[in-house]
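Values below: every heavy atom of this structure, side chains too, minus hydrogens, waters and symmetry copies. Letters A, B, ... mirror the listed sequences (proteins, then strands); counts begin at 1.
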Amino acid sequence: MPELPEVEIMRRYFEEVALGKKMVAITFHDHLDKIFKTNRKTLTQKLVGASFTETERIGKYLFAKLDSGGWLHLHFGMTGNLELFRSEELPKYTRLVFEFEDGDKLAYRDLRKFGVVEWVENLADFQKKQKLGEDLLTISAEGFQKGLENRKVAVKTALLDQKHFAGIGNWIADEMLFNCGIHPQKRCDQLTTEDFKALHQSGVEIVQEAIAADTHYGDFPEHFFVNYRKEKAQHPEHPKSPVERLVVGGRGTFIVPEKQKL
DNA sequence: TTATATGTTCGATA
DNA sequence: TTATCGAACATATA
């Protein structure tokens with residue numbers, strides 16, 4: 001589910017349902033423990049008895065501050081999300097539950113277990129160590145260009161790299177490249193300043209619109225290219241140029257050949 | 001049975 | 001030392 005817009009939507013949801021409420025227990029439900037980069041014992045010590053006081057988001061990384069010190073970092077991988085519940089039965093694919101004093105329970109769910117839950121002391125240090133760039137919504141057009149212009153890799157591959165600016169994922173990258181009429185395999189260092197400007201603007205617009213529309217995967221504004229993001233789909237503006245699938249940087253990539261040429 | 005999936009990391013190679 | 005590439009991770013669905 002989660003690229004920048006959906007993580008932002010989850011951040012807002014997290015604020016609504018979890019902020020300011022004391023945790024009375026947390027329970028773990030991943031026998032591999034792969035998700036928990038901080039061990040169970042430490043997580044329990046940090047969380048139980050504490051409350052969340054505020055949230056932050058950088059790209060696809062969500063953080064919630066603890067009144068006991070430090071932050072909880074949540075990453076949702078490819079298939080993670082949050083769900084408030086009160087029933088005895090766990091929501092499907094629940095890996096961690098936060099139990100609050102008012103009886104609410106918040107499930108961290110993640111089918112494929114590519115997500116991460118961990119405690120971090122300090123956000124700036126974490127960002128540095130993780131080589132996590134500035135959020136796409138706040139980086140300047142110049143900063144955006146700087147992160148890309150000298151790279152020799154395919155532009156799509158560079159857009160997915162989180163180290164210069166953070167938040168773009170596979171469908172947003174395709175959406176931006178379609179909007180700008182740029183072929184995903186074009187090398188970064190072949191692009192013009194106009195291209196970089198257009199990509200930056202397009203990225204910000206897509207993300208803002210997706211957030212405003214409260215978009216979840218499979219539920220996008222009608223004019224988004226992602227709705228035609230499958231092999232042989234016919235985009236209304238390009239009826240004679242059916243959508244083609246390529247693999248770029250190991251990721252499935254969709255283009256309208258007539259509009260995006262190498 | 002094979003291919004694909006919204007993300008990131010790690011080891012090999014240049 | 002840095003940049004790039006491809007495989008790997010775990011699970012479901014078509």
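Note: CZ (Phe114(A)) to C1' (dA5(B)) measures 9 Å, nearest angstrom.
Phe85(A) belongs to a hydrophobic cluster whose remaining members, ordered by chain and number, are Leu90(A), Val97(A); membership requires side-chain heavy atoms of ILVMFWY residues under 4.5 Å apart, directly or through intermediates.
Under the rule for a ring-ring contact (aromatic ring centres under 6.0 Å, His included), Phe254(A) has no partner lying at least two apart in sequence or in another chain. Annotation: ring-ring contact (aromatic ring centres under 6.0 Å, His included) contacts of Phe225(A) (sequence neighbours excluded): Phe178(A). Considering only residues two or more places apart in sequence or on other chains, Phe220(A) meets the ring-ring contact (aromatic ring centres under 6.0 Å, His included) condition with Trp171(A), Tyr217(A). Under the ring-ring contact (aromatic ring centres under 6.0 Å, His included) criterion, Tyr108(A) pairs with Phe76(A), sequence neighbours left out. Applying the side chain to side chain contact (heavy atoms under 4.5 Å, CB included) criterion to Ser241(A), with sequence neighbours excluded, gives His238(A), Val256(A), Pro257(A), Glu258(A).
Rounded to a whole angstrom, the distance from the C1' atom of dT13(C) to that of dT8(B) is 23 Å.
The nucleotide range of DNA chain C contacted by chain A, defined by atoms under 4.0 angstrom from heavy atoms of the protein and reported 5' to 3', is dA3(C) to dA12(C).
Contacts with DNA chain C (heavy atom under 4.0 Å) in residues 144-157 of chain A: Arg151(A), Lys152(A), Val153(A), listed by number. Listed in residue order, the members of residues 200-209 of chain A having a heavy atom less than 4.0 Å from DNA chain B come to none.
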* Asked: What one-letter contact string describes nucleotides 9-14 of chain B from 5' to 3', where B marks a base within less than 4.0 Å of any protein heavy atom, S marks contact via sugar-phosphate atoms alone, and - marks no contact?
  -> S-----
Table of protein N/O atoms under 3.5 Å from nucleotides 2-4 of chain B N/O atoms:
| unit_1 | atom_1 | unit_2 | atom_2 | d |
| --- | --- | --- | --- | --- |
| dT4(B) | OP1 | Arg245(A) | NH1 | 3.4 |

* Determine which bases of DNA chain B form Watson-Crick or G-U wobble pairs with both distances under 3.5 Å, and write the result as a 5' to 3' dot-bracket string with | for other-strand partners. => .||||.||||||||
